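What follows is a short report on a single structure.
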Amino acid sequence: MNIVDSLVQAAIQGAKQLYDIKLDPSEVTMNVTRKEFVGDYTLVVFPLTKHVKKNPEALGQELGEYLKANTPEVKDFNVVKGFLNLVVEDQYWLDFLNSIYQNPDFGRQPRNGRKVMVEFCSPNTNKPLHLGHIRNMLLGWATYKIYDAAGFDVVRVQIINDRGVAICKSMWAWQNYGQGTTPESSKIKGDHLVGDYYVAFERHFQEEYKNWQDSSAGQVVFAEKKKEGQDEATFFKSFKDLYFNEYSKIGAEVRAMLLRWEANDPATISLWKQMNRWVYAGFEETYDKLGVAFDKLYYESNTYLLGKDIAEQGLADSVFYKQEDGSVWIDLEDAKLDKKIILRRDGTSVYMTQDLGTAELRYQDFACEKMIYVVADEQNYHFQVLFEIMKRLKRPYAEGLFHLSYGMVDLTTGKMKSREGTVVDADDLVAEVIEEASKNSHERGTLAELTAAEQAEVVRKIGLAALKFFIIKVHPKKRMTFNPEESVDMQGQTGPYVQNAYVRCSSMLSKAGNPDLSPAAQYTALETQEKDLISQLYQYPELIVQAAKEHDPSMIASYSYELAKNFHRFWHDFRILQAESEAAKAFRIKLSMAVRQVLRSSLDLLGIEAPEKM
RNA sequence: GGCCCCAUAGCUCAGCUGGAUAGAGCAACUGACUUCUAAUCAGUAGGCCUCAGGUUCGAAUCCUGAUGGGGUCACCA
């Protein structure tokens, strides 16, 4: 049994014996003792004064004496104000260390046979991935890893938004200005190439729009449709979408292209397939670099018509209703949400319908009891509505739906806006952090004896660790500010700092060779720092379970940092290979092995690799 | 305007279901490498936890309200 649980049980027993009261475990708060005090776990006595009319200190004293006398794990105790600090027998910690130091899977929970789906990334195919996708992918990947470690079978999926007006814009621009350029001929990565034509489209469109604004036709529209007192610039800014749909010549061509696509026109489909292939090849490269992968990809081109049968069923069950114009709606006002459209009056699906259909399809494919959507918080409302609809439709998976909503990434210069060209490209960013790690590494010269290829590998791991840790240490829900300088920091609360603790272990252990560890049995009196490390390792399995339950990878990042920090201090204050005795040496080697395993494992949960040297 | 989210050191962030004197890192200053990797360690300095009420033995944490910031309220996705 867990030590905390057994201490709580023992305290409940004690309260019964001493005062004849029956405590519920929820009334007994058992915390890890704060650094300033002596002890391992602390029982907060105050709540007990409700049941027993004694002052907290006397209560603590009596309970402490009881626990010391009757609980084998409790070696000693002290009472400070209303806090009963318990000291756990060193032997307990030593036994625990012995049980884990050779187990690389320590912390992983047994398979529970339950299935979870994680959807993440889900890009559009008209432009390359950017910093926002990176946060998304890191969260998604960590969620996969954490759930996997927590015992679940995890299916990683994404929905590729491969159709619609956006990709048609790229297609149109390529057709008109591309002159047959390919990724091969231009030496440009496929997703970037397609993105370039998306930008080119915008440029031509803006040019056309500007000309129109200055023309008499534009001026007439301005005069007719402007709001009271609206100046020309403001008017035309807000008029852009309408212009695109109703006035623009190239807008009309793009829309015609979309219609041809929907009609399965062979030439259009073939161009679409070709450009999407380029994009996918580019995306694959980026996924590889970031170390993420998927089990199944869903494509919007296959799902955008889905959900109509669900709409029918919803109508039959009176969850939905039909308006006179034929459109189908749901009224969620009683749930403090609005009325929401399900089918257009022409009977076609909207975003919501597609998501209903896609969820259904996925359930048919994998029958996961939980589906986690890693999507930015701008879509909070959408998912609230989606999940509410699922509940009303009584889908079997409705209760297991979760929106892992994360805050947008801001730059120090403000928001990222693709229209204003202030997006941070994913490939560029990865290249930069690796370059920075490389510079750093060469200054130190610690990799001199490695081959160039090995050095590159180490440097890649370090750079990515800096970037990934920087992003993932922030709680998902919080909006974060991305400072490019800080993202490549390698000192302090960073990925490389944690890696460094791992490397120190590895380096020392490889120097140790294959030592005889049996003298460790003679090591019975733990130093505080040693005990703190073991106690921290002890928390790891529970941490994994918690992080899964809370959908919060940042918990793992905090933990790995704290563990690394404690190890670094231990390393500074104590000798391992030249310890004061054979017993201490053997014990500390075991301790380092355990710490090393958990550092590696916790980094792995974050998608960060641990190098052996750095 | 309705609904939702956020607010902690100069900056970036932790702070578990309420518990002891609110913690890290960065930046600044001071020390520690002939040593198992100094990408490290130790120290100094830095706070009306946005504000005002409430619940409680006890509040950064829970409740209400206000202020500031963000999101969202499409027959777009």
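Naming convention: chains lettered A, B, ... in sequence-line order (proteins, then strands); numbering from 1 in each chain. This structure is a prediction, so every number in the text was calculated from the model and none was measured.
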Would you please indicate if the ring centroids of Trp329(A) and Phe320(A) are separated by under 6.0 Å? no
Once you apply a heavy-atom cut-off of 4.0 Å, does Leu509(A) come out as touching a base, just sugar-phosphate, or nothing? nothing
From the candidates G19(B), G70(B), A39(B), the one with an atom nearest any side-chain atom of Ile462(A) is A39(B)
Between Ala557(A) and Leu606(A), the two heavy atoms sitting closest are CA-CD1, 3.8 Å
Practice problem: Identify whether any heavy atom of Val474(A) sits under 4.0 Å from a base atom; if not, whether one sits that close to sugar-phosphate; answer base, sugar-phosphate or nothing. | Solution: sugar-phosphate
For this session: Indicate whether OP1 or OP2 belonging to A7(B) is found under 4.0 Å from a side-chain N or O atom of Lys478(A).
Result: yes
Taken to the nearest whole Å, NZ/Lys340(A) to C1'/C75(B) is 10 Å
* C36(B) base / Arg504(A) side chain donor-acceptor hit below 3.5 Å -> no
Just to be sure I understand the rule, does Glu300(A) reach a base, reach only the sugar-phosphate, or reach nothing, if contact means heavy atoms closer than 4.0 Å? sugar-phosphate
Mate of U67(B) across any strand shown (Watson-Crick or G-U wobble, both atom pairs under 3.5 Å) is A7(B)
| request: Taking only the side-chain nitrogens and oxygens of Arg444(A), find out if one of them lies under 4.0 Å from OP1 or OP2 of A39(B). | output: yes
- Message: For Tyr502(A), does the six-membered ring have the charged nitrogen or CZ of Arg600(A) within the cation-pi criterion, i.e. under 6.0 angstrom from the centroid and within 45° of the normal?
- Response: no
Check: Within the side chain of Gln158(A), is there an N or O that forms a donor-acceptor pair under 3.5 Å with the backbone of Ser122(A)?
Finding: yes
Under the 6.0 Å and 45° cation-pi test, does Lys565(A) pair with Phe570(A)? no
- Item | Ring-base stacking, Phe46(A) with G58(B) (5.5 Å, 30° cut-offs) | no
Margin query: Once you apply a heavy-atom cut-off of 4.0 Å, does His475(A) come out as touching a base, just sugar-phosphate, or nothing?
Written below: sugar-phosphate
*Base, sugar-phosphate, or nothing for Tyr351(A), non-hydrogen atoms under 4.0 angstrom?*
base
Among the nucleotides C57(B), A14(B), C36(B), whichever has the atom closest to the side chain of Ser558(A) is A14(B)
note: His403(A), atom NE2; A77(B), atom P; distance rounded to Å ~ 17 Å
Review point. Quick one: does NZ or CZ of Arg504(A) land under 6.0 Å from the six-membered ring centre of Phe567(A), within 45 degrees of the ring axis?
Key: no
Between Leu129(A) and Pro123(A), the two heavy atoms sitting closest are CD2-CB, 3.6 Å
message = Counting the atoms with a prime plus P, OP1 and OP2 as sugar-phosphate, which does Phe37(A) contact under 4.0 Å by heavy atoms, base, sugar-phosphate, or nothing?
response = base
Work out how far the P atom of U61(B) is from that of U55(B), and round it to whole angstrom.
15 Å
Out of C4(B), A42(B), A39(B), minimum distance to the side chain of Arg569(A) belongs to A42(B)
Closest to the side chain of Lys511(A), out of U12(B), U37(B), C73(B), is U37(B)
Looking for any heavy atom pair under 4.0 Å, which part of the strands does Val350(A) touch: base, sugar-phosphate only, or nothing?
-> sugar-phosphate
Mind checking if Arg345(A) touches a base, just sugar-phosphate, or nothing, with heavy atoms under 4.0 Å?
base
Subject >> Nearest-angstrom distance, C1' atom, A7(B) to A45(B) >> reply: 25 Å
Separation of C76(B) atom C1' from Lys240(A) atom NZ, nearest Å, is 14 Å
Review point. Say you pick atom P in G46(B) and the same atom in C4(B); how far apart are they, in whole Å?
Key: 40 Å
Side chains of Tyr406(A) and Asn136(A): is there a donor and an acceptor less than 3.5 Å apart? yes
query = With a non-hydrogen cut-off below 4.0 angstrom, is Lys613(A) in contact with a base, only sugar-phosphate, or nothing?
reply = base
Reckon Tyr502(A) touches a base, only the sugar-phosphate, or nothing at all at heavy-atom distances under 4.0 Å?
nothing
| Distance between P atoms of C49(B) and G10(B) (Å, rounded) | 12 Å
What I want to check is whether an N or O donor and acceptor connect the side chain of Asp325(A) with the base of C75(B) at under 3.5 Å.
yes
Give a yes/no on whether any side-chain N or O of Lys81(A) is located under 4.0 angstrom from OP1 or OP2 of U21(B). yes
*asked:* Side chains of Gln379(A) and His403(A) only: does a donor on one sit below 3.5 Å from an acceptor on the other?
replied: no
Classified by glycosidic angle (syn within 90° of 0, else anti), C33(B) comes out syn
Of the candidates A77(B), C26(B), C36(B), the side chain of Asp489(A) sits closest to C26(B)
Residue pair Val458(A)/Asp552(A) against RNA chain B: nearer the 5' end by closest nucleotide is Asp552(A)
(Q) Suppose we call a contact any N or O donor and acceptor under 3.5 Å apart; does that hold for the side chain of Arg575(A) and the base of U35(B)? (A) yes
- Sugar-phosphate, base or nothing in reach of Met555(A), heavy atoms under 4.0 Å: nothing
As its Watson-Crick or G-U partner within any shown strand, both distances under 3.5 Å, C62(B) has G54(B)
| message | Categorize Arg479(A) for me: base, sugar-phosphate, or nothing, with a 4.0 angstrom heavy-atom threshold over every strand shown. | response | sugar-phosphate
Mate of C41(B) across any strand shown (Watson-Crick or G-U wobble, both atom pairs under 3.5 Å) is G31(B)
Rounded distance in Å between the P positions of C33(B) and C16(B)
40 Å
### Message
For a quick test of reading the model: is some side-chain N or O of Lys35(A) closer than 4.0 Å to OP1 or OP2 of G23(B)?
### Response
no
(message) Suppose you measure atom P in U44(B) against the same atom in C63(B); what distance do you get, rounded to whole Å?
(response) 37 Å
*asked:* Does Thr446(A) contact A39(B) through a side-chain donor or acceptor facing the base, at a distance under 3.5 Å?
replied: no
Next item on the list: Please state whether the phosphate of C6(B), meaning OP1 or OP2, lies under 4.0 angstrom from any side-chain nitrogen or oxygen of Lys477(A).
Entry: yes
Among the nucleotides C13(B), U37(B), A20(B), whichever has the atom closest to the side chain of Thr42(A) is A20(B)
The Watson-Crick or G-U wobble partner of C13(B), with both key distances under 3.5 Å, is G23(B)
- Item | Check: Asn85(A) side chain, A20(B) base, donor-acceptor under 3.5 Å | yes
| said: Students often get this wrong, so: under 4.0 angstrom with heavy atoms, is Pro47(A) touching a base, only sugar-phosphate, or nothing? | reply: base
Exactly one candidate in Ile3(A), Leu86(A), Val44(A) meets side-chain contact (heavy atoms from CB on, under 4.5 Å) with Met30(A); the answer is Leu86(A)
Which of G25(B), C41(B), A20(B) is nearest the side chain of Tyr561(A)? It is G25(B)
| request: Compare the ring of Phe83(A) with the six-membered ring in the base of A20(B) and state whether they stack (centres under 5.5 Å, planes under 30°). | output: yes
Inset, instruction - Between C26(B) and C5(B), how far apart are the C1' atoms? Round to whole Å, please. - result: 27 Å
Of Lys565(A) and Asn500(A), the one whose closest nucleotide on RNA chain B sits nearer the 5' end is Lys565(A)
Would you say Trp571(A) places a side-chain N or O within less than 4.0 Å of OP1 or OP2 belonging to A38(B)?
yes
Checking A20(B), C73(B), C41(B) against the side chain of Arg34(A) (C-beta onward), the nearest is A20(B)
task = Using a 4.0 Å heavy-atom cut-off across all strands, classify Ser507(A) as base, sugar-phosphate, or nothing.
result = base
For G15(B) versus A22(B), give the span between their C1' atoms, rounded off to a whole number of Å.
8 Å
